[in-house]
Amino acid sequence: MAGKVKWVTDIEKSVLINNFEKRGWIQVAENEDWNFYWMSVQTIRNVFSVETGYRLSDDQIVNHFPNHYELTRKDLMVKNIKRYRKELEKEGSPLAEKDENGKYIYLDFVPVTFMLPADYNLFVEEFRKNPSSTWIMKPCGKAQGKGIFLINKLSQIKKWSRDSKTSSFVSQSSKEAYVISLYINNPLLIGGKKFDLRLYVLVSTYRPLRCYMYKLGFCRFCTVKYTPSTSELDNMFVHLTNVAIQKHGDDYNHIHGGKWTVSNLRLYLESTRGKEVTNKLFDEIHWIIVQSLKAVAPVMNNDKHCFECYGYDIIIDDKLKPWLIEVNASPSLTSSTANDRILKYNLINDTLNIAVPNGEIPDCKWNKSPPKEVLGNYEVLYDEEMAQSDGPERDPRGRSGQSTGAKGSRARDLGKPVLTTWK
Amino acid sequence: MLDPDRGLSLTIARVVQRLQGSSLHSQLERQARVSLHKPEIKLESLKEDIKDFLKTSGWEKKLQNAVYSELNVFPLPCHPAAPPEHIKEPLAYMRKAQGSWEKRILKSLNSMCTELSIPLAQKRPVSEQKELLNKWNEMGTDEPDLSLFRPVYAPKDFLEVLMNLRNPNYENGEQPSFRNHLGLIQVPLKVKDISELKEDFSELGLNIGQLGIDDSAQVPPEFFENEHVRVGQKVLAEEDSAAAQQYVRQGCPTALRAELWALILNISNQPEDILYYEQLKSNVIQHDLLVDSLIYKDVKLTASNDDYYFVFEDYLYQVLLCFSRDTSVLEHFTYSSATPPKSYIQAKCDFQVLFLSRTSADSFPLAASYVTRGKLGMEEYAVFYPPNGVIPFHGFSMYVAPLCFLYHEPSKLYQIFREMYVRFFFRLHSISSHPSGIVSLCLLFETLLQTHLPQLFYHLREIGAQPLRISFKWMVRAFSGYLATDQLLLLWDRILGYNSLEILAGCTC
């Protein structure tokens, strides 16, 4: 029976609400009958919790997977990736190949990370191998750069050391858990400034894995010149690219917001470094996104009512190697500039077109295979179903280099034939 | 009129004169001397053997490129009896108009100077020098108080001047009708019509492949792009300026563009070039110019707020501050209709520049505290101000900004920009009759629009929006800041390829 989609949201952002209204959808309250709920992460926890949860019906869709934190919590993401790599190694997959130093050739995309306080001793061992290195401490459950600091001396993190006298480990609440990662102190600098990449990835199902990448990602620049000098380790304006932090800097500019399009980045890199290395960089970025999703796919609750749009944060070092820093379940929908607003509005628009076909009341039994025309600015990143149907004649190990069809600085048609060689 | 043989020998003489004593000359001499040790050089056929050696070792190519560069930049010689002003600008009324315009600019700059009581130039105290040296890579974080400074002029002021240009010898008694020109520019300069343009710009025809169009995602690369890239790599391997110039008419592949432009502009970033840049940098450290504040203001107003270029803010200071002090730029005034402003220093040892004038005859008196005690008008105390003779206007920094996408090494970026300025950009803000000068470009634009899109032209006029008022600022800036960078660079490919700015007028249409 045709009716208008009824929507609810906890997140009062214009880019969302304008998109719902332009489709003629009807706003309802949470306790009423609804078809589409754009939830905050707290709400999804409640919906799927044992005590307060309830079953979703076939015509209801939500924007988070129940246990998205397997990917979006810093400690769990690292845990899952480590587990994934070990599994591949055990089954002798060529993807898990290591080089002469024992580093994974294809799967070394997360900086060395330890959980604190649990892995404290392991961390100390690693730290002592390189005592002049810098490490970054991040609280597991926070966002927007809150609580992050850099250290270069063991004394700075004394309070996370386990008390060696006690035999039983007092488990700390997850709020105090931190991860400590090797700080990438040689980031690629442009105009002398550090930046990171924010890329949006939509996952409609984990098994089979189907994910899309938004073509219009952006770079977030620090307002202050980068220096690895130890005297500036405390200066968050130098090191953290989060807009939530940078916008309080003296030099923050509200017109461009310190943001560059990915196509500008591409143009700059192609012009100054050459096309092959640029293509290789972007290929690797796509690769690490897909691998991170594959790593969590086995443990994800692939609830058919769910889809999710992640914000991937990636840093490129001065050797043009990309590193996965973290994945955000609720990427900011606040707009810092006019361009930003347009981008995020279009992002939500294209996301809804894929997740809620034809803008009609959803039926989550559908096959989640939208036609190509509705993708908008998304392009297929990986489609496991298509990959498997292509058969075994493809080189199973091949991370086949970028197709020669890399055209222009924007439109890069990552058609499935290239990606499906990654199995 | 000059007969062709005479013209050729004059050109040869001029090129030889310019290349003599250049570093290329001494390098060639040294190479020739070194080659004497080689077994294939024989005494009987010394001249021929050395020539062959220079050819095979690639030095002849370098000489060719240098000659080609000279031919591109300098105009053809005219009659030997013609005075030097005629090389700058043959039409008297244009010269006069440029002169008045310059006077106005100087008056404005002088009055700003007096109002703010800031000297035009002064030596920096040592502590300030140290500070600036430390901050050299991040001058963008400096927050000088620029609120009292204002740009000396903006493109719209310049447009007003151009609109009022009239040829006193030309009597056009007829009422403006559809046969006459209805645009803002009312001078009878010859501009090309569409068929002449088609011929001159034949490589841009529809049946010839172009980057920016024929390399889009829908077109398989085998049709055009792959071959074009291959040819580009070959051109670079040959190190041939002339071939490169021909090649870029169809657009540069992004990965090859930086090298191709350097080849066309004959920039090789030799150690002496780097040294020269460092010397300019030390000039910046030691002396503070009023013009510096104008540059800061301009960058803060334009490039810092631009989505594409804000990242490169610091490079812009590093280029433009050095540019102001580069006296080699003065050479371009021999073929530009403009004249560099002169100023008079108070005492030779203590360099403090006081005020500006165009000639000693029309100097501007200043407040009593700056009286020069009789040194006024004495040529030995005259210096050019700024040292490169170019006063920046609102938007000037946007000429440099797009180049930052191609070159990230400051001295190379600097040289490329300087060469682009003395070949092309200077014509966009001076009054002359040159076909690539802004006056001709405006006229070309208006004529093309009126001829081929008359309805649009008349409609805009009717609603009070003369088309040139809208498009003028695009052309003055060579579209920098108005086009996305990747498209802008494709446009500038063609400027380099055709050695002409006429494409700007065509693009505007």
Side-chain angles (χ1 to χ4, degrees), chain A residues 188-195 215 218-227 237-238 249-261 263-279 337-340 343 379 403-415, chain B residues 135-143 211-222 225-226 229 233 252-261 300 303-316 318 401-410 412-413 484-490:
Chain A
L188 176 67
L189 301 179
I190 298 185
K193 303 195 182 76
K194 176 177 166 177
F195 69 98
K215 289 187 249 187
F218 50 88
C219 306
R220 297 176 293 207
F221 278 86
C222 292
T223 51
V224 177
K225 267 289 194 302
Y226 180 75
T227 168
F237 293 116
V238 170
D250 289 331
D251 289 322
Y252 184 72
N253 181 303
H254 291 270
I255 297 178
H256 52 70
K259 288 181 177 168
W260 235 25
T261 58
S263 50
N264 274 342
L265 177 66
R266 233 208 142 91
L267 176 63
Y268 176 80
L269 290 177
E270 277 184 16
S271 304
T272 53
R273 305 268 199 144
K275 199 149 186 171
E276 291 75 33
V277 301
T278 307
N279 284 345
T337 68
N339 279 342
D340 213 34
L343 182 142
E379 54 191 6
S403 70
T404 50
K407 312 274 181 56
S409 44
R410 291 166 301 279
R412 292 231 333 176
D413 184 25
L414 290 180
Chain B
K135 266 207 315 246
W136 179 255
N137 287 325
E138 45 187 6
M139 286 184 272
T141 51
D142 222 358
E143 289 288 333
L211 282 184
I213 301 173
D214 299 307
D215 59 336
S216 73
Q218 287 84 37
V219 179
E222 301 83 60
E225 194 185 352
N226 286 348
V229 173
Q233 284 160 338
C252 292
T254 43
L256 305 179
R257 178 175 283 125
E259 282 180 69
L260 283 166
W261 284 21
K300 290 285 181 201
S304 300
N305 290 329
D306 187 294
D307 286 355
Y308 293 91
Y309 306 123
F310 72 89
V311 175
F312 303 115
E313 183 180 347
D314 297 325
Y315 283 125
L316 298 181
Q318 292 176 16
L403 302 172
C404 297
F405 268 84
L406 301 174
Y407 306 99
H408 55 121
E409 203 268 294
K412 192 151 188 197
L413 174 64
T485 309
D486 58 326
Q487 292 169 13
L488 180 80
L489 293 173
L490 287 167

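These figures come from a predicted structure and were not determined experimentally. Because only heavy atoms are used, hydrogens play no part in the values below, and waters and symmetry mates are left out as well, while side chains stay in. Per chain, numbering begins at 1; letters A, B, ... match sequence-line order.
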Quiz prompt | Selection from B:Ala258, B:Ala255, B:Ala484, B:Pro253 maximising heavy-atom pairs under 4.5 Å formed with chain A | solution = B:Ala255
Quiz item: Would you call the rings of B:Phe405 and B:Tyr309 parallel, tilted or perpendicular, where under 30° means parallel and over 60° means perpendicular?
Solution: perpendicular
Self-check item: Lys NZ or Arg CZ of B:Lys412 over B:Tyr407 ring: under 6.0 Å, within 45°
Solution: no
Quiz item: With a 4.0 Å cut-off, would you call A:Glu270 and B:Arg257 a salt bridge?
Solution: no
Exercise. Quick one: list whatever passes side-chain hydrogen bond (donor to acceptor under 3.5 Å, both in side chains) with A:Ser271, sequence neighbours left out.
Key: none
Self-check item: Contacting moiety of B:Leu256, where chain A heavy atoms sit under 4.5 Å
Solution: neither
Practice problem: Heavy-atom pairs under 4.5 Å with chain A are the metric here; pick the option from B:Leu489, B:Thr485, B:Asn305 that has the most. | Solution: B:Asn305
Quiz prompt | A:Phe221 portion near chain B, given a 4.5 angstrom heavy-atom threshold | solution = side chain
Exercise. Measure distances from B:Tyr308 to the heavy atoms of chain A and classify the residue's part below 4.5 Å as side chain, backbone, both or neither.
Key: both
Quiz item: SG of B:Cys404 to CD of B:Gln318: how many Å apart, nearest 0.5 Å?
Solution: 9.5 Å
Quiz item: Side chain, backbone, both or neither: which part of B:Cys252 has a heavy atom under 4.5 Å from chain A?
Solution: neither
